[in-house]
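First up is the structure itself, then whatever we jot down about it.
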Amino acid sequence: MGCSLPNTCQQLAILREAGLAACRREGRCVLHHPTPLGCRLLETAGDGPAEGPLPMPRPATVSP
């Protein structure tokens with residue numbers, strides 16, 4: 001996506017603090033996914049209500 005690892009980590013931290021993303025560790029990897037609040041925001045973003053739920057995005061993986 002053209003973002004540096006430090007920038008990506010900072011953006012994910014902001015989303016976690018806002019309650020829009022959550023993470024969990026799996027071994028050396030950290031998996032990030034939207035919270036229910038984040039999913040609702042994604043569903044209602046744009047010019048009007050979504051025509052249905054958005055597909056669940058694949059979790060981002062950040063390895064040290």
Side-chain angles (χ1 to χ4, degrees):
M1 293 182 33
C3 295
S4 68
L5 182 58
N7 182 267
T8 301
C9 290
Q10 182 181 22
Q11 296 299 321
L12 287 167
I14 292 167
L15 292 171
R16 282 193 311 271
E17 289 172 13
L20 300 175
C23 65
R24 73 174 194 274
R25 282 203 174 272
E26 284 195 9
R28 293 179 28 162
C29 297
V30 179
L31 303 176
H32 299 277
H33 54 90
T35 62
L37 176 60
C39 286
R40 283 195 307 271
L41 182 63
L42 288 170
E43 290 171 359
T44 60
D47 295 330
E51 302 243 344
L54 294 173
M56 182 60 87
R58 291 186 4 215
T61 304
V62 178
S63 300

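Not measured: the values here are computed from a predicted model. Values below: all heavy atoms of this structure, side chains included; hydrogens, waters and symmetry mates excluded.
Atoms SG and CD1, from Cys9 and Ile14 in turn, are 11.5 Å apart once rounded to the nearest 0.5 Å.
Looking at residues two or more places apart in sequence or on another chain, you find a salt bridge (Lys or Arg N to Asp or Glu O under 4.0 Å) between Glu26 and Arg24. Partners of Leu37 by side chain to side chain contact (heavy atoms under 4.5 Å, CB included), not counting sequence neighbours, listed by chain and number: Leu20, Thr35, Arg40. Residues meeting the side chain to side chain contact (heavy atoms under 4.5 Å, CB included) test with Ala13, sequence neighbours left out: Arg16.
The minimum heavy-atom distance between His32 and Cys23, with the atom names listed, is ND1-CB, 3.3 Å.
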